[in-house]
Amino acid sequence: PDLFYDPKESHTFAKVWKAAIALRVRVMPLATLSKKHAAQYDRANNVVHVSEAEFTRPTSTTKRSTAHELYHVVQNRNVLTKVSTAKQRAALIDKGVLAMKEDEYVRQAWSKEVKAEAFAWTCDGETLNHFERAQGKSGFPADFLLSVVKQRVGEFTQQKKREYAIKARRDYRAISRRHGVKL
């Protein structure tokens, strides 16, 4: 339970959690995943890997990290509902990537990251709002919570956009080479 938001405290998380469970996601520790990357989604195997350190002793950012990755599960719904094995999913993912130009793939990959990050911060805000209300306070105005999400996503963009673009280009080129596509 320390890995995830309480669905009673975040209705946004509850919807995605329910959808991810229906898509048969698994969540498990991975020894080789660094603590820097608290969680990571493996699309072909439909597994959210959590670093062993975070899995056994979650930190304050673990819930946001796992929420972010669970959102990727829902983003992968099309692949997960069309085929059932990891090998079939990998082939379908590759086919989708190869249907795009490199820049288009990089833009799409970044768009998915931004949406997942906004989702995670929304869940965080809803949980804080629930806590405030449970303390007998009025909670936070909706526009304030939206402004926090916008600010955090802006910070995420400043810190990570270049890194994610490099990774997306590397992934695109690896898939292209694997399928004999000349760049």
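None of these values were measured; they are calculated from a predicted model.
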Minimal non-hydrogen separation, [X] against [Y], with atom names:
X     : Y      : answer
Ser10 : Glu126 : OG-OE1, 2.5 Å
Arg64 : Ala120 : O-CB, 3.4 Å
Ala20 : Val74  : N-CG2, 4.2 Å
Ser51 : Leu33  : CB-O, 3.3 Å
Arg89 : Ala44  : NE-O, 2.6 Å

Whether Arg107 and Asp103 form a salt bridge (side-chain N of Lys/Arg under 4.0 Å from carboxylate O of Asp/Glu) is what I want to check.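 No salt bridge links Asp103 with Arg107.
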
Nearest 0.5 Å, what's the [atom1]-[atom2] distance between [X] and [Y]?
X      : Y      : atom1 : atom2 : answer
Tyr71  : Cys123 : OH    : SG    : 10.0 Å
Thr122 : Leu146 : OG1   : CG    : 7.0 Å
Asp2   : Thr62  : CG    : OG1   : 8.5 Å
Asn129 : Leu145 : CG    : CG    : 5.0 Å
Arg178 : Asp94  : CZ    : CG    : 4.5 Å
Arg77  : His72  : CZ    : NE2   : 14.5 Å

Verify, without hydrogens or angle tests, whether [X] (side chain) and [Y] (backbone) share a donor-acceptor contact under 3.5 angstrom.
X      : Y      : answer
Arg26  : Val48  : no
Ser176 : Tyr172 : yes
Ser111 : Gln108 : no
Asp42  : His49  : no
Glu54  : Ala39  : no
Thr66  : Lys63  : yes
Gln88  : Thr85  : yes

Student check: side-chain heavy atoms of [X] and [Y] closer than 4.5 Å:
X      : Y      : value
Glu132 : Leu128 : no
Lys115 : Lys112 : no
Tyr41  : Asn76  : yes
Asp124 : Val148 : no
Arg43  : Val79  : no
Leu70  : Phe4   : yes

Tell me every residue that passes ring pair (Phe, Tyr, Trp, His ring centres under 6.0 Å) with Phe156, counting only those two or more places apart in sequence or in another chain. Trp110, Tyr164

Report whether [X] and [Y] are members of the same hydrophobic cluster (ILVMFWY, side-chain heavy atoms less than 4.5 Å apart, transitive linking).
X      : Y      : result
Tyr5   : Phe131 : no
Val73  : Leu3   : yes
Phe119 : Val149 : no
Ile21  : Phe13  : yes
Tyr105 : Val181 : yes

Taking atom NE2 as the centre, does His11 end up with more than 12 heavy-atom neighbours from other residues, nucleotides or ligands that are less than 6.0 angstrom away? no

What do the steps show when you test Thr81 against Leu23 for side-chain contact (heavy atoms from CB on, under 4.5 Å), and what is the final call? CA-CA 8 Å; Thr81 57; Leu23 292 167; 3.8 Å; yes

Hey, which of Glu104, Glu102, Glu163 is the one that makes salt bridge (Lys or Arg N to Asp or Glu O under 4.0 Å) with Arg169? Glu102

With side-chain contact (heavy atoms from CB on, under 4.5 Å) as the criterion, how do His68 and Glu113 come out once you've worked through the C-alpha distance, each side chain's angles and the decisive distance to 0.1 Å? CA-CA 8 Å; His68 176 113; Glu113 291 300 330; 2.8 Å; yes

